[in-house]
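Structure, as structure tokens:
Each chain gets a letter, A, B and so on, in the order its sequence line appears, and its residues count up from 1. Quick caveat, the model's predicted, so the values are computed rather than measured.
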Amino acid sequence: MSSDQIHLTLPNGDILELPRGSTAGDVARAIGPGLAKAALAAVVGDRLVDLMTPIEVDADVRILTDKDPESLDVLRHSAAHVLATAVREMRPAAGIGFGPSIEEGFYYDFDVEAPFTPEDLADFEAKMNEVIDADYPFERRQVTREEAQELFADDPLKLERLEELGDDEIITVYRDGPFLDLCRGPHVPSTGRLKHIKLLSGAGAYWRGDEKRQMLQRIYGTAFVKKDDLEAYLRRLEEAKKRDHRRLGRELDLFSTDERVGQGLILWHAKGALVRMEIENYERELILRHGYQVVYTPHIMSEKIFEISGHLENFKENMFGAMEVEGAFFRPKPMNCPGHIAVYQSQQRSYRDLPIRMAEFGTVYRYERSGVLHGMLRVRGFTQDDAHVFCTPEQVTKEVERLLDLVDEMLGTFGYPYTIELSTMPEKALGTKEEWDEAVQLLADTLSARNVPFDIDEGGGAFYGPKLDFKLIDAIGRKWQGPTVQLDFNLPDRFDMSYIGEDNAPHRPVMLHRVLVGSMERFVGGLIEHYAGAFPTWLAPEQVRVLPVSEQWERSAGALVADLKLAGVRATLESRETLGYRIREAETLKIPYMGVVGEREASDRSVAVRKRGAGKKQEVMDRQLFVDMILEEIRSRTLG
RNA sequence: GCUCUGGUAGCUCAGUGGUAGAGCGCAUCCUUGGUAAGGAUGAGGCCGCGGGUUCAAUCCCCGCCCAGAGCUCCA
């Protein structure tokens with residue numbers, strides 16, 4: 001076997017022998033002209049590379065075509081270069097920053113005098129299509145540091161990036177037509193391989209994401225292999241817009257904000273409050289069944305307790321300022337844990353008392369910078385369905401398991417599939433590395449023991465402990481922050497918490513923080529989008545709207561409303577305007593059921609039931625059956 | 001907080017250096033309807049707030065407040 005040959009193993013097990021330094025493109029050509037033409041990139045070993053990168057050692061090689069999901073990343077990264085190509089053609093003075101592919105597309109940051117207008121984006125997109133039509137090959141070239149410095153002499157941002165590259169790193173540049181970029185790759189073979197691109201928006205972005213650095217102008221776009229995929233993505237953006245909880249919140253009269261009240265503070269209207277109340281009632285019933293006790297603690301507390309808890313040390317920038325009362329300082333609480341600990345410490349605890357599972361719908365206030373506020377999803381005052389489990393070290397695993405069950409039951413009720421992330425020690429943290437490792441291990445073991453899959457979020461823990469984050473997946477596939485379970489080996493120390501053990505000596509309890517919905521505000525905001533405003537009957541603020549065909553049948557219809565109300569169903573009577581108008585209105589308001597009463601129904605005490613979204617497919621049924629059906633639907637919290 | 005964009009009737013939005021319009025909604029009247037908009041009439045505006053330029057500002061300029069798209073950060 002000669003040393004200038006390498007052996008490349010293909011996915012089907014075949015081994016190709018090629019000269020050392022051959023590229024993945026050569027591999028594709030060796031396999032066949034069809035694949036050579038279809039190839040976009042390749043995976044060599046475990047590395048994603050382009051077809052121009054030389055291969056120096058024996059490896060497994062897999063050629064990627066537009067059928068492989070990995071090639072989408074490459075495609076989008078190349079699209080970012082094509083964007084920069086277009087921008088540089090039209091604005092030669094534009095400085096260039098970074099241009100990576102991201103989850104749903106790509107962006108490129110430019111250093112320009114003035115922000116881009118929507119018209120600019122349209123022009124750039126047109127230019128991009130010219131670049132694509134020109135089908136410039138992407139040329140990869142390895143260069144020395146000195147060469148690179150010369151090539152990018154006029155691009156200070158690129159020079160800065162170059163500075164950071166270690167001496168042992170390979171420096172490569174990529175050219176497509178007139179545009180040259182410092183870039184690690186990989187790229188598709190030529191610009192003509194990009195078929196379906198779309199520029200989406202422009203916005204400011206700090207250089208290197210650092211708010212102390214200059215603001216660049218970022219252009220977001222996306223690219224897909226297939227036209228259908230691009231169109232489906234754009235449709236999904238439209239769908240997301242339609243579901244926007246701020247818009248539905250107003251249209252359905254669920255909540256509002258008021259600048260006189262202040263930024264990031266939610267006014268729950270009667271209908272929104274009903275949705276929240278149902279969730280709270282459900283959850284209270286759920287947790288009492290799961291062995292929790294419910295407490296209430298004050299909204300403001302003396303600063304002393306936040307000194308003990310470490311919040312003034314670690315969370316101060318998120319806390320509202322102090323208010324002075326008779327020489328003492330008070331603050332709105334940013335978390336509920338200190339209050340719960342104080343309840344725990346109101347008496348001496350025995351191991352026989354543990355575990356104590358203490359819950360509260362606790363309203364907390366956090367100072368959030370104005371720019372991050374967003375509808376109900378990011379606010380300054382919110383109510384957490386907070387709970388703390390105080391237990392012995394031996395009980396932790398069991399308690400975590402119980403929490404997994406609780407979360408599973410709760411999320412099932414709302415129809416959310418979910419994934420789990422385990423977050424580890426962040427930079428700014430209380431406690432020792434050993435305590436953290438122990439806690440992380442315990443959580444991981446508990447999940448593994450039940451065969452629950454999870455991802456690791458390195459450094460994503462809260463400052464006081466590692467956590468499990470449950471990510472909800474909504475009806476259109478978006479991820480939302482869901483329940484969290486956090487282990488805390490720190491607060492018990494800071495508060496010097498104890499319980500008396502079997503040995504008649506004091507011991508330190510373990511503390512678990514957990515939320516299910518997280519914040520009522522964020523959860524309801526998310527639910528509005530998940531259900532697109534069409535709440536399942538048990539949550540719907542108005543469950544049944546009864547419509548007499550004409551005012552003549554108002555008495556009969558009114559009797560039905562009375563029956564429904566008596567049974568505990570939220571029902572209303574609407575008799576103005578035409579029947580068609582009222583049906584349209586009820587559909588628009590996404591009321592789950594309409595009950596139409598006319599001559600026929602009045603005479604035999606029935607009702608024509610029209611279900612939301614079902615159009616003319618209605619069912620005439622006995623009124624008692626109708627009431628029972630609704631009640632059962634509410635009782636079982638049926639979805640959709 | 002930063003960059004940009006916006007703020008006109010309850011909502012969605014037009015509009016102009018000479019104090020303002022549409023559709024929906026709302027009110028009243030007519031209509032008494034059979035499954036997604038019946039008709040007529042009418043009310044409703046500190047044109048976000050403060051200052052400046054101007055004979056004159058909703059419009060131009062400055063500051064502030066609020067909202068939106070992002071950046072950074074989070075339940």
In whole Å, what separates the C1' atom of B:rC71 from that of B:rG52? 34 Å
A:Gln214 has an atom CD; how far is it from atom P of B:rC4, in whole Å? 14 Å
Just by protein heavy atoms under 4.0 Å, how would nucleotides 33-50 of chain B read 5' to 3' in B, S and -? BBBBBB------------
Under 6.0 Å between ring centres: does that hold for A:Phe98 and A:Trp207? yes
Nearest-angstrom distance, P atom, B:rC4 to B:rA75: 30 Å
Any strand is fair game: report the nucleotide pairing with B:rG1 by Watson-Crick or G-U wobble, both distances under 3.5 Å, or none. B:rC71
In the strands shown, is B:rA20 matched to any nucleotide by a Watson-Crick or G-U wobble pair with both distances under 3.5 Å, and which? none
Crowded around A:Lys198 NZ? As in, over 12 foreign heavy atoms under 6.0 Å? no
To the nearest Å, give me how far apart CG (A:Asp111) and P (B:rU3) are. 15 Å
Ring centroids only, cut at 6.0 angstrom: are A:Phe106 and A:Tyr108 within range, meaning strictly under it? no
Hey, are A:Lys611 and A:Glu619 close enough for a salt bridge, meaning a charged N less than 4.0 Å from a carboxylate O? no
Partner nucleotide, any strand, of B:rG7 [Watson-Crick/G-U, under 3.5 Å]: B:rC65
Span that lies between the P atom of B:rC49 and that of B:rA9, in whole angstrom: 11 Å
Scanning all shown strands, the Watson-Crick or wobble mate of B:rA43 with both distances under 3.5 Å is none
Quick check, are the ring centers of A:His530 and A:Tyr416 under 6.0 angstrom apart? yes
Which value, in whole Å, describes the distance between the P atoms of nucleotides B:rG7 and B:rG48? 8 Å
Going 5' to 3' through nucleotides 68-75 of chain B and flagging B where a protein heavy-atom sits under 4.0 Å of the base, S where only the sugar-phosphate is that close, and - otherwise, we get SSBBBBBB
For B:rA57, which nucleotide is its Watson-Crick or G-U wobble mate, given both distances must be under 3.5 Å? none
Establish, yes or no, whether a centroid distance under 6.0 Å links the rings of A:Phe414 and A:Phe523. yes
Can you tell me, in whole Å, how much space there is between the C1' of B:rC24 and that of B:rC62? 37 Å
5′-ward residue of the pair A:Pro115/A:Thr257 relative to RNA chain B: A:Pro115
Face-on cation placement of A:Arg218 at A:Tyr107 ring, 6.0 Å and 45° thresholds: yes
Closest heavy-atom contact between A:Gly321 and A:Pro332? O-CD, 3.9 Å
Give a yes or no on whether a salt bridge exists between A:Arg545 and A:Glu587, defined as a side-chain N under 4.0 angstrom from a carboxylate O. no
Can you measure A:Arg250 atom CZ to B:rG7 atom C1' for me and round it to whole angstrom units? 13 Å
Mate of B:rG34 where both pairing distances stay under 3.5 Å, Watson-Crick or G-U: none
Using whole Å, report how far CG of A:Asp258 lies from C1' of B:rG10. 14 Å
Considering Watson-Crick and G-U wobble pairs with both distances under 3.5 Å, what does B:rA14 pair with? none
Using the C1' atom in both, what is the distance from B:rG10 to B:rA57, to the nearest Å? 27 Å
Taking only the C1' atom of each, what is the distance from B:rG25 to B:rG44 in whole angstrom? 11 Å
Give me the distance, rounded to whole Å, that separates B:rA20 from B:rG15 when you measure between the C1' atoms they each carry. 8 Å
Less than 4.5 Å apart, side chain to side chain, heavy atoms only: is that true for A:Arg576 and A:Glu551? no
